[in-house]
Undergrad: 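Dropping a structure here in structure tokens format, bear with me for questions.
Protein chains get the first letters and strands the later ones, always in sequence-line order, with residue 1 at the start of each.
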Amino acid sequence: MSTDDLTEDLTRRTENAPQELLTRSFFFLCAVLSIVTTISIIVLLTTEAAKFFSATAPLMGVEGPTASAVDFFTGTEWIINNEQFGVLPLVSATLAITVGSAVVALPLGVATAIYLSEYASPRAQSVLKPALEVLAGVPTVVYGFFAVVYITPALRTLIPGLGTFNMLSASIVVGIMIIPMVASISEDAMSAVPDSLRQAGYGMGATKFDVSVGIVVPAALSGIFSSFILALSRAIGETMAVTVAAGSQANLINPLNPVDYLEGALPMTAAMVNLLTGDVTGGGVAYRSLFAIGLTLFFITLVMNIISDLVAQRYREES
Amino acid sequence: MTETSANGSTTRRRLLAAVGSAGVIGMAGCTQSGGGDGDGDGGDGLSGTIDIAGSSTVFPVATAMAERFESEHSGVDINIQSTGSGGGFANHFCPGRTDFNNASRPIQSEEEETCSGNGVTPVELTVATDALTVVVNNEADWVDCMTTDELARLWSAEDPPTMWSEVNADWPDQELELYGPTDASGTYDYFIESILGEEGPGHRQDYSATEQDRTIIQGVEGSEGAIGYLGFAYYSQNTDRVKAVGIDDGDGCVEPSLGTARTGEYTPLSRPLFTYPKQGSLSEDHVAEFARFWLENSTSEEIIADEVGYVPLSDDAQSEAMERLETAIENAQG
Amino acid sequence: MATESREREGFGHVSRTVGVVFRYLLLAATLFGIVALTVLLIYVANDAIQPLTADPGWHLTFFVTLVVPTVAVGGYLLRTDPASFKFGGGVVGALAVSTMFAGGAAMIFVDIVQPVTWFGYVLALAVALAGVVAMERFDRQLPFLVRSVVAGAVAVLSLWLVPGLVRSLPVYPTDGLLLTASLGTPVALLVGRYAAAAAGKRGTALAVLGGVALVGVGSYAGPLIGVDPVPATVLLSVAVLPTGGYAVGTVRRHTERRPGLAFAGVILGGAVVGAVAVDALGFTGPQSWVDWGFLTSAHSGTAADAGLYPAIGGSILLMVTVAALSFPLGVGAAVYLEEYAPDNRFTRFIGINISNLAGVPSVVYGLLGLGVFVTYLGQPTGTVLIGGATLALLILPIVIISAREALRSVPDEMRQASYGIGATRWQTIKNVVLPRAFPGILTGTILALGRAIGETAPLIMIGAPNVLFSLPTEFSSKVSAMPLQVYAWASLFASDPFYRAAVPAGVVVLLVVLLSMNSIAIVLRNKYQNDQ
């Protein structure tokens with residue numbers, strides 16, 4: 001090999017060599033796929049949902065029965081047979097699951113995070129963290145089965161009037177399911193609190209309790225908050241556990257009234273599954289209502305995820 | 001750098017050598033005859049797939065039949081999906097994706113149009129009868145029979161009664177306790193359709209809704225003023241725990257029983273269940289054979305009544321359906 | 001004054017009670033979910049396995065032969081030699097997990113891919129590999145495009161021709177030998193190199209040959225003890241060989257851990273002795289719903305006869321499809337975002353978009369699959385390919401996020417060093433970054449795969465059948481999956497017998513698979529973190 005070759009080899013611009021170009025384009029396409037996915041979700045849900053609403057259906061060239069958007073968003077009756085598509089009972093049930101699981105998961109999750117970040121020894125951490133991950137790894141349909149077969153009968157010994165399918169046990173299992181999410185994100189936020197703050201606290205004569213509650217938690221507040229939103233958005237989108245455990249009757253319930261949790265209701269996600277598997281579905285308008293609910297669900301979770309992102313970004317900037 | 005690459009290529013060479021030598025050893029060792037042994041694993045040569053979708057009411061009948069058919073013809077793959085009668089026609093059967101569509105009601109004319117637009121000809125076969133039974137507590141001696149109007153009044157969402165006496169003055173001032181299936185169940189829809197009317201006031205919602213028939217039986221058994229409705233077959237296994245009410249559809253009182261449901265006397269709370277094979281698919285032997293198998297067994301009390309909980313076909317209804325199927329098979333294969 | 005009183009408040013009565021109570025409250029909260037799940041798991045395992053239906057003598061026998069020695073030896077080792085204890089436990093765990101995977105693999109070779117077809121494809125791959133290796137020699141002389149086109153052509157041609165050629169042979173070796181060559185040999189090559197640590201070329205070759213011989217002999221010895229040649233070969237190649245290789249290789253590297261082998265021997269020996277003793281003494285075991293029949297039969301209307309076989313096979317095929325689709329795409333996206341992408345608005349937008357996609361409910365992904373693949377592309381509903389593609393889209397964001405984290409943990413100095421010796425960007429990624437980040441990427445992918453095979457809602461949405469009687473055999477066959485089957489039993493067949501028998505049994509099988517996947521991921525991650 002001559003020196004010329006060597007010089008050429010060393011000074012050659014490799015950036016756009018065929019191999020480099022090929023691999024870079026492939027990786028770029030992979031990254032762009034995520035945007036394609038998002039766009040397809042949005043386009044698909046909007047076009048299909050547009051065929052559902054009376055106002056937009058003619059634009060899509062759809063004939064046959066449609067539903068008014070006003071009735072959809074304000075109606076309090078979800079009876080597919082009568083073509084009454086009021087989404088409020090479904091939203092109320094979804095909200096009830098969210099509130100119920102929040103009551104279970106938020107305090108437990110934050111307490112877990114404080115314990116893991118402030119108190120637990122590395123050894124305890126190495127046992128507890130994987131165990132918590134298992135909580136999140138159990139399939140949701142299994143949680144639903146647990147709720148119906150074990151939790152509801154157990155609760156019935158305390159509350160005799162509890163229905164076979166009820167919001168209480170559904171909320172409890174969804175709550176258990178999202179504990180790890182709250183715990184791990186909150187713990188990350190707490191670990192990110194600079195040690196100097198803690199030392200300053202101890203220097204002032206504070207106890208460990210004071211430091212944890214008075215310094216670490218407030219400093220990590222935005223991270224904790226972001227974990228709440230993310231976990232709740234997960235609870236809203238949770239499907240199989242509520243399909244199996246919450247029943248299938250579309251009741252308008254009050255998420256803040258504990259008595260309403262004793263009966264079953266139909267959350268949005270469960271309604272979607274029932275629409276595809278139950279005997280009630282017709283081809284046309286009921287099928288398209290699926291996409292209208294899907295769109296509502298997608299936007300609720302999207303907004304929550306974005307808020308959580310923004311909050312999380314703030315705490316990253318702060319720390 | 002050079003060392004690792006040299007290492008890499010020697011291992012690769014070694015791999016090739018090993019694969020090769022193992023192959024040679026294999027050739028030299030014991031062998032089996034190869035070539036076209038194909039995939040004919042079914043004992044009688046029937047093979048292929050059958051896709052079934054449709055009503056969740058007929059779903060258990062279809063699975064019971066498929067299970068037995070599979071055990072005799074292992075070469076046939078049957079898969080069954082519960083999509084609802086209408087969803088099955090619209091999204092699966094008429095676009096030509098499935099061979100059978102189960103339905104708890106006859107096919108509608110618009111559905112037939114959509115199907116024929118895609119070149120799909122449905123063949124209507126009756127496979128069982130679904131009967132609802134209205135049950136009351138054994139102690140409720142005031143009622144043995146009620147008219148369909150009374151039944152509609154009891155369950156109507158419009159001005160729902162709270163006392164028995166509000167519906168019929170002869171009945172006592174006993175508080176009503178209502179048990180029924182949830183609105184996701186086919187039984188619930190069927191009750192609305194046959195008693196309350198599709199255009200009617202709708203089903204009242206202040207009742208104890210459950211997906212499980214045994215809960216209805218338990219609830220009615222436990223309270224004197226209770227009334228409920230459920231599938232006939234489940235009642236027939238619990239005749240001593242609750243009392244069935246006869247239904248008067250204008251022609252006098254008819255007690256629910258296998259006999260009255262089969263003959264069609266027990267109206268309006270009994271309905272036929274259907275499956276619709278695609279005529280085009282019947283040209284394939286395994287599909288035709290499965291359809292025949294299904295009809296042959298549709299009179300079996302063991303499968304239809306005991307296992308699934310519906311009313312089996314009468315012999316007449318069976319032979320009528322069989323004739324229809326054979327004509328369709330001839331049309332398809334001939 | 002003010003300072004004084006504050007001081008008194010601060011230092012005067014510092015009570016430890018509050019702190020101690022708080023600490024235990026936190027611990028209780030941490031344990032709440034774990035304990036609740038454990039209780040539920042005990043309940044469901046009890047319902048599925050019914051240990052109390054066994055003879056007391058059965059329990060006693062196993063207590064004496066298995067539990068007592070294990071506790072004794074294990075307890076002693078744990079105190080004196082934790083490393084050996086870990087190693088021994090690891091060997092038993094590896095054997096258990098790999099046996100399970102061998103079961104899945106055996107299922108594939110018995111019902112889905114004929115051994116001869118598999119052999120054909122392995123041979124074709126080997127031929128293609130040989131072609132590419134030959135091509136590498138002309139690295140300098142040939143331009144990249146020509147090389148890649150020729151290599152691609154060789155690969156396609158051999159994959160297209162060789163399997164058909166092999167299948168059309170009038171006579172070929174028995175299935176056992178075919179699998180020995182095509183499955184046992186590659187495994188033996190990998191394992192042999194580990195087991196024969198620092199034993200030189202001869203030692204390695206001997207180890208590899210020994211492994212191949214073991215599998216080959218097993219394919220003939222299996223039928224003698226009632227195991228068909230195909231499962232016997234698969235079991236030896238996928239479970240016994242790797243576990244044995246791990247044990248031997250580790251002992252050769254760390255001779256001081258030899259007691260761990262004794263520990264593993266005590267456990268395995270105890271189990272075997274117990275089984276033989278129970279059989280000889282005539283004690284009956286528990287009336288478990290999770291039995292051979294449950295694992296190998298299809299759905300039935302009678303709960304006691306219902307089985308999970310098609311659903312297990314479906315889950316395996318779905319997992320393979322999902323892994324094949326999501327791994328390259330996910331890692332590719334992560335590599336682009338971490339290694340190539342300039343830090344601009346577009347890149348940040350992709351990042352935010354991915355984290356939002358990770359939060360989209362699975363049921364919406366189901367709608368996406370239904371709408372895009374079924375309605376717009378006109379694919380048949382509920383097939384392996386559609387199910388796999390939908391699930392792959394679902395876990396793609398998770399794979400990307402975890403792969404990005406793994407890539408980010410590769411120190412920048414390594415990249416700089418690689419650039420410094422003249423490597424291009426792709427060479428750096430291929431030779432430096434990816435190998436270093438690989439364990440982390442693998443961990444994330446396994447966890448994401450676990451999520452995928454636990455999903456039910458997307459499969460319902462794309463119209464996977466609720467009941468299926470045979471294994472899917474190709475990508476266009478309809479597919480069911482374990483969680484879907486459990487859901488069908490719990491909803492469409494909602495009756496007492498199903499709630500008591502089939503559903504708990506299905507849940508236990510599903511959880512065993514998922515928990516072992518999780519534990520593999522966790523073990524991998526711990527090892528990886530310790531290495532760094």
Undergrad: Centroid separation under 6.0 Å, is that true for the rings of C/Tyr340 and A/Phe28?
TA: no
Undergrad: Under 4.5 Å heavy-atom distance to chain A, tell me which part of C/Ile460 shows up: side chain, backbone, both or neither.
TA: both
Undergrad: Counting only non-hydrogen atoms closer than 4.5 Å, does C/Glu339 touch chain A with its backbone (N, CA, C, O), its side chain (CB onward), both, or neither?
TA: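 Looking at C/Glu339, nothing touches chain A.
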Undergrad: Can you tell me which portion of A/Ile41 sits under 4.5 Å from chain C's heavy atoms? Options are side chain, backbone, both or neither.
TA: both
Undergrad: In terms of heavy-atom proximity below 4.5 Å to chain A, should C/Ala457 be classed as side chain, backbone, both, or neither?
TA: both
Undergrad: So which part of A/Thr47 gets closer than 4.5 Å to some heavy atom of chain C, the side chain, the backbone, both or neither?
TA: side chain
Undergrad: What part of A/Ile306 gets within 4.5 angstrom of chain C, counting heavy atoms only: side chain, backbone, both, or neither?
TA: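 For A/Ile306, heavy atoms of backbone and side chain both lie under 4.5 Å from chain C.
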Undergrad: Please check if any side-chain donor atom of A/Tyr150 sits under 3.5 Å from a side-chain acceptor atom of C/Asp47, or the reverse.
TA: yes
Undergrad: Does any heavy atom of chain A fall under 4.5 Å from the side chain of C/Leu27, the backbone, both, or neither of them?
TA: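 Backbone plus side chain of C/Leu27, per the 4.5 Å heavy-atom cut-off to chain A.
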Undergrad: Measure the shortest side-chain to side-chain distance between C/Leu510 and A/Pro139 over non-hydrogen atoms and say whether it is less than 4.5 angstrom.
TA: yes
Undergrad: Between C/Leu329 and chain A, with a heavy-atom cut-off of 4.5 Å, which part of the residue counts as in contact: side chain, backbone, both or neither?
TA: both
Undergrad: Side chain from CB out, backbone as N, CA, C, O: work out which of these in A/Leu108 comes under 4.5 Å of a heavy atom of chain C, or both, or neither.
TA: both
Undergrad: When only pairs under 4.5 Å are counted, which of A/Ile179, A/Val134, A/Thr38 shares the most heavy-atom pairs with chain C?
TA: A/Thr38
Undergrad: Which atoms of A/Met272 are under 4.5 Å from chain C, going by heavy atoms: the side chain, the backbone, both sets, or neither?
TA: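 Both backbone and side chain of A/Met272 come within 4.5 Å of chain C.
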Undergrad: Tell me which of these, C/Tyr376, C/Phe349, C/Tyr365, C/Tyr43, has more heavy-atom pairs under 4.5 Å with chain A than the rest.
TA: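 The candidate making the most pairs under 4.5 Å is C/Tyr43.
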Undergrad: Side chain, backbone, both or neither: which part of C/Asn518 has a heavy atom under 4.5 Å from chain A?
TA: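 For C/Asn518, the contact with chain A is made by the side chain alone.
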Undergrad: Among C/Val372, C/Leu367, C/Val503, which residue forms the greatest number of heavy-atom pairs with chain A at distances under 4.5 Å?
TA: C/Leu367
Undergrad: Between A/Val213 and chain C, with a heavy-atom cut-off of 4.5 Å, which part of the residue counts as in contact: side chain, backbone, both or neither?
TA: side chain
Undergrad: Heavy-atom distance under 4.5 Å to chain C: side chain of A/Phe145, backbone, both or neither?
TA: side chain
Undergrad: Taking A/Tyr143, A/Phe26, A/Phe146 one by one, which has the highest count of heavy-atom pairs under 4.5 Å against chain C?
TA: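 That would be A/Phe146.
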Undergrad: Looking at A/Leu295, A/Val138, A/Leu135, which one has more heavy-atom pairs under 4.5 Å with chain C than the rest?
TA: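 Top option by heavy-atom pairs under 4.5 Å: A/Leu135.
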Undergrad: With side-chain contact (heavy atoms from CB on, under 4.5 Å) as the criterion, how do A/Phe291 and C/Leu370 come out once you've worked through the C-alpha distance, each side chain's angles and the decisive distance to 0.1 Å?
TA: CA-CA 11 Å; A/Phe291 290 89; C/Leu370 175 70; 4.1 Å; yes
Undergrad: Between A/Leu44 and chain C, with a heavy-atom cut-off of 4.5 Å, which part of the residue counts as in contact: side chain, backbone, both or neither?
TA: side chain
Undergrad: What part of A/Ser212 is in contact with chain C, defined as an atom under 4.5 angstrom from a non-hydrogen atom: side chain, backbone, both or neither?
TA: side chain
Undergrad: Which atoms of A/Leu290 come close to chain C, meaning under 4.5 Å heavy atom to heavy atom: side chain ones, backbone ones, both, or neither?
TA: both
Undergrad: Which residues in residues 231-239 of chain A have any heavy atom closer than 4.5 Å to a heavy atom of chain C?
TA: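 Hits under 4.5 Å: A/Ser233, A/Gly237, A/Thr239.
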Undergrad: I'd like to know if the side chain of C/Thr424 pairs up with that of A/Glu20 as donor and acceptor (distance under 3.5 Å, no hydrogens or angles considered).
TA: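 Side chains of C/Thr424 and A/Glu20: pair found under 3.5 Å.
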Undergrad: Heavy-atom pairs under 4.5 Å with chain A are the metric here; pick the option from C/Leu41, C/Val18, C/Ile34 that has the most.
TA: C/Ile34
Undergrad: Could you tell me which portion of C/Val44 (side chain, backbone, both or neither) has an atom closer than 4.5 angstrom to a non-hydrogen atom of chain A?
TA: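 Both backbone and side chain of C/Val44 come within 4.5 Å of chain A.
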Undergrad: In terms of heavy-atom pairs under 4.5 Å with chain A, which of C/Ile429, C/Leu357, C/Thr38 leads?
TA: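 If we count pairs closer than 4.5 Å to chain A, C/Leu357 comes out on top.
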